[in-house]
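See structure below.
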Amino acid sequence: MAKWGLGLSRRVQHLRRYRHIVRVLMKYGFEDVAGSVSARFKLRLGKHKIPRTAKQKAHRQRSRPERLRLALEELGPTFIKLGQLLSTRPDLVSPKYITELERLQDQVPPETYEDIKAEVEQELGDKVGKLFKEFDKKPLAAGSIAQVHRAVTKDGQEVAAKIRRPNIENIISTECEILHEVSGLLKATVFEDETVDPQRMVDEFTDAVMKEVDLSIERRSQLHFIRRFKDDPTVHIAKVYEDYCSDGVLTMEYIKGIRPGSQKAVTEAGLEPKIIAERGANFVLKQVFDHGFFHTDPHPGNFFLLPENILAPLDFGQVARLSSSDRTLLNEMVLSIVDNDARRIVNAIERANMIHSQTDMHKLTRDAEELLDTYHDMPLREIPFGRVITRVFEIMRNNRIHPPAQFTLMLKTMMTIESFADAMDPDFQIIDHLKPYAWRFKVEQYDPRKIFYGTRRGLQDAAILAGKMPDDINAIMSKFRRGQFSMHIHHEHLQELSSSLDESSNRISFALIIAGLLIASSFVIPQPGTVFGVSLQSIGMLGYLIAGILGLSLILRILRKKWFS
């Protein structure tokens with residue numbers, strides 16, 4: 001009974017949220033979406049329907065992407081994060097939406113000090129006064145999931161403590177459930193002209209945001225980066241104080257540096273923008289090509305700059321892994337640009353199983369050739385890498401190419417770091433730095449040790465398969481003998497074939513009946529006599545009439561099928 005009551009309470013909570021969503025969507029001119037949500041969940045706005053106001057009319061004069069951004073901002077942190085995720089998927093969402101969604105700001109009022117204090121004490125199992133010598137009441141930063149406070153440990157270490165917002169897990173879980181329920185309506189309304197799969201996007205978002213809520217995952221990612229870059233003097237990753245960490249608290253070294261806001265600000269701080277641009281690009285390229293584990297959001301707000309032009313990246317809540325095949329695909333993409341070989345990248349995409357059943361391979365190849373021809377005569381260092389990648393995403397959308405999410409994030413990351421580097425050094429060209437990594441990665445594929453290892457693994461797999469084969473054959477033969485062997489064949493268009501055969505057989509049957517009536521009537525008309533008082537001539541004429549009606553009906557069915565199919 002208690003469980004049923006809890007479920008009812010959650011359902012009521014969902015319905016209230018749905019009503020709020022509908023009101024916001026109507027406010028920003030999305031009546032199509034609001035109507036679908038309302039009909040789907042049988043909501044009633046009742047007396048509180050939103051009237052047509054001057055403010056509402058003003059919203060309607062804005063573009064649809066801009067209205068979507070404003071609606072997401074009003075709907076709150078979870079929807080803002082969903083919009084931010086969509087802004088990282090230019091393979092799915094067109095530039096007009098990307099530009100607006102990138103403007104979404106994750107700014108929310110901070111939690112009270114009392115609530116944060118209680119959260120720290122619950123997570124770390126002791127009073128804040130016993131854990132820390134100092135703990136600032138005012139946060140350094142506040143996001144939708146966590147906020148950061150400066151503190152000093154008992155042994156005098158200055159730290160930054162990232163604390164998860166109270167009850168944020170339940171809030172986001174509820175919001176994700178709602179998003180999952182309404183995602184099926186979004187395709188036919190907001191993104192009707194896009195190749196977005198809202199259900200898949202919501203699933204990806206739910207997975208990503210729930211990982212971000214668990215600060216222990218961010219802690220492990222940060223420790224991974226510390227290990228990877230421990231011997232790199234150009235990068236400093238903040239130390240993690242694991243004794244002060246939990247699933248809801250991440251305590252790390254307090255970084256004192258400057259933000260790379262502009263070239264002028266960096267120069268005034270005594271740093272060298274050209275060196276910072278180069279180091280920022282190398283930081284990302286090393287992650288992609290050497291480690292296959294990368295920070296997905298390297299924008300200026302996620303960096304501090306330290307003396308001697310040292311980079312200090314922040315916020316490891318958003319990281320992704322690249323498979324060897326993802327890195328190979330990127331490598332082929334770069335080398336196809338360098339060598340002006342469109343077929344190379346098309347073959348690589350095909351090998352990566354990214355081709356949709358409706359993709360026109362000739363059109364895809366032609367689009368790739370047109371892209372490369374545009375930049376063929378330009379010196380390599382003058383090729384605008386960001387513009388090329390933007391065009392690559394457009395080609396993917398238009399040709400229904402569906403790359404893995406992490407591959408798209410990687411390309412978007414490289415575009416972000418190029419923009420960051422360009423702000424530091426207008427003469428910076430990322431492709432100059434990218435080409436050596438690509439060639440080195442290509443050469444490594446032919447490393448004798450890798451070839452030997454791959455061959456050995458292949459032989460081991462073949463030996464295992466050969467060893468299992470006699471048992472598998474015995475099992476199949478045993479099923480044959482017992483009459484238990486069956487084969488299941490699925491054909492995607494078999495139902496359509498069956499319908500076509502039924503239609504054809506019906507038409508043939510009609511034709512045979514018509515022919516029979518015509519022949520019989522032709523025999524009957526010349527004959528004298530009557531049947532039940534009706535002359536044979538009249539019966540023959542009736543046969544002709546019925547045959548004519550059936551024939552006309554058959555002709556109309558055939559023509560209607562031809563004209564309207």
Side-chain angles (χ1 to χ4, degrees), residues 72-73 75-89 101-102 104-111 115-116 119-120 122-124 139-149 160-180 183 198 200-226 237-238 240 242 244-252 284 287 293-299 301-303 313-322 404-410 412-413 416:
L72 292 174
E73 285 179 347
L75 285 170
T78 306
F79 286 80
I80 289 173
K81 284 202 164 290
L82 176 62
Q84 290 171 336
L85 174 66
L86 284 170
S87 75
T88 67
R89 299 304 304 272
L101 294 174
E102 284 179 335
L104 284 167
Q105 298 298 312
D106 189 10
Q107 295 176 344
V108 291
E111 299 286 343
D115 288 341
I116 286 297
E119 190 73 11
V120 171
Q122 180 181 337
E123 287 289 332
L124 300 184
L140 297 169
S144 58
I145 290 177
Q147 59 191 58
V148 181
H149 290 253
K162 185 173 184 178
I163 301 104
R164 185 170 60 196
R165 286 177 177 268
N167 200 38
I168 191 65
E169 288 176 291
N170 289 333
I171 294 170
I172 288 181
S173 176
T174 300
E175 295 275 72
C176 286
E177 287 173 7
I178 291 170
L179 281 171
H180 196 274
S183 61
R200 191 182 78 178
M201 288 302 302
V202 168
D203 289 342
E204 287 180 10
F205 167 73
T206 301
D207 181 60
V209 77
M210 292 310 291
K211 285 180 180 177
E212 202 171 339
V213 166
D214 186 350
L215 297 185
S216 68
I217 296 176
E218 182 175 347
R219 180 177 79 247
R220 290 194 294 272
S221 296
Q222 191 160 336
L223 290 170
H224 182 90
F225 271 84
I226 289 171
I237 312 293
V240 175
E242 296 196 66
Y244 296 86
C245 293
S246 69
D247 291 350
V249 177
L250 171 59
T251 304
M252 68 198 92
V284 169
Q287 294 171 56
F293 186 83
F294 65 100
H295 192 301
T296 64
D297 197 17
H299 65 78
N302 278 337
F303 281 104
L314 307 171
D315 193 356
F316 296 90
Q318 298 181 41
V319 298
R321 292 185 180 276
L322 280 176
Q406 65 272 14
F407 181 79
T408 303
L409 282 172
M410 178 264 298
K412 188 74 166 55
T413 296
T416 303

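Predicted model, so just to flag it, every value in this text is computed and none were measured.
Listed by chain and number, the residues in a side-chain contact (heavy atoms from CB on, under 4.5 Å) with R220 are S216, I217 (sequence neighbours excluded). In this structure E204 satisfies the salt bridge (Lys or Arg N to Asp or Glu O under 4.0 Å) test together with R89, R200, sequence neighbours excluded. By the side-chain hydrogen bond (donor to acceptor under 3.5 Å, both in side chains) test, Q406 is found to be paired with D326, residues two or more places apart in sequence or in another chain being considered. For D247, the salt bridge (Lys or Arg N to Asp or Glu O under 4.0 Å) test picks out no residue, with sequence neighbours left out. Judged as a side-chain contact (heavy atoms from CB on, under 4.5 Å), and not counting sequence neighbours, the contacts of D115 are E111, T112, P166. Applying the side-chain hydrogen bond (donor to acceptor under 3.5 Å, both in side chains) test to E175 and every residue at least two apart in sequence or in another chain returns R17. In this structure, the side-chain hydrogen bond (donor to acceptor under 3.5 Å, both in side chains) partners of Q147, at least two apart in sequence or on a different chain, are H149. Contacts of R164 classified as salt bridge (Lys or Arg N to Asp or Glu O under 4.0 Å), with partners at least two apart in sequence or in another chain: E123, E169. Under the ring-ring contact (aromatic ring centres under 6.0 Å, His included) criterion, Y244 pairs with F132, not counting sequence neighbours. By the side-chain hydrogen bond (donor to acceptor under 3.5 Å, both in side chains) test, E218 pairs with K162, sequence neighbours left out. Partners of L140 under the side-chain contact (heavy atoms from CB on, under 4.5 Å) rule, at least two apart in sequence or in another chain, are V148, R150, Y254. Q318 pairs by the side-chain contact (heavy atoms from CB on, under 4.5 Å) definition with E212, T296, D297, not counting sequence neighbours.
Between D214 and K211 the shortest side-chain heavy-atom distance does not fall below 4.5 Å. Residues F293 and V319 meet the side-chain proximity criterion, which asks for heavy atoms closer than 4.5 Å. Taking the side chain as every heavy atom from C-beta outward, T78 and V209 never approach each other to under 4.5 Å. Side-chain contact between S144 and I80 is absent, with no heavy atoms from C-beta onward closer than 4.5 Å. Between R219 and L223, some side-chain heavy-atom pair lies under the 4.5 Å cut-off.
At least one donor-acceptor pair closer than 3.5 Å links the side chain of Q222 to the backbone N or O of A238.
With values rounded to the nearest 0.5 angstrom, I237 atom CD1 is found 9.0 Å from L314 atom CG. Distance check: H295 NE2 to D315 CG gives 5.5 Å after rounding to the nearest 0.5 Å. Here OG of S173 is found 11.0 Å from CD1 of I168. Values are rounded to the nearest 0.5 Å. Annotation: the span from S246 atom OG to L124 atom CG amounts to 5.0 Å, rounded to 0.5 Å.
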inquiry  = Between F316 and H224, does the side chain to side chain contact (heavy atoms under 4.5 Å, CB included) criterion hold? Intermediate values first, please.
reply    = CA-CA 10 Å; F316 296 90; H224 182 90; over 6 Å; no
Trace of the side chain to side chain contact (heavy atoms under 4.5 Å, CB included) decision for L104 with E73 = CA-CA 7 Å; L104 284 167; E73 285 179 347; 3.4 Å; yes
task = Using the side chain to side chain contact (heavy atoms under 4.5 Å, CB included) rule, take M210 and I172 through it: C-alpha gap first, then chi angles, then the decisive distance, then the call.
result = CA-CA 8 Å; M210 292 310 291; I172 288 181; 3.8 Å; yes
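Heavy-atom minimum distance, L250 versus L215: N-CD1, 4.0 Å. Here the closest non-hydrogen pair linking T251 and A161 is OG1-CB, 4.1 Å. The two residues K412 and S87 come nearest to each other via the heavy atoms CE-O, 3.2 Å.
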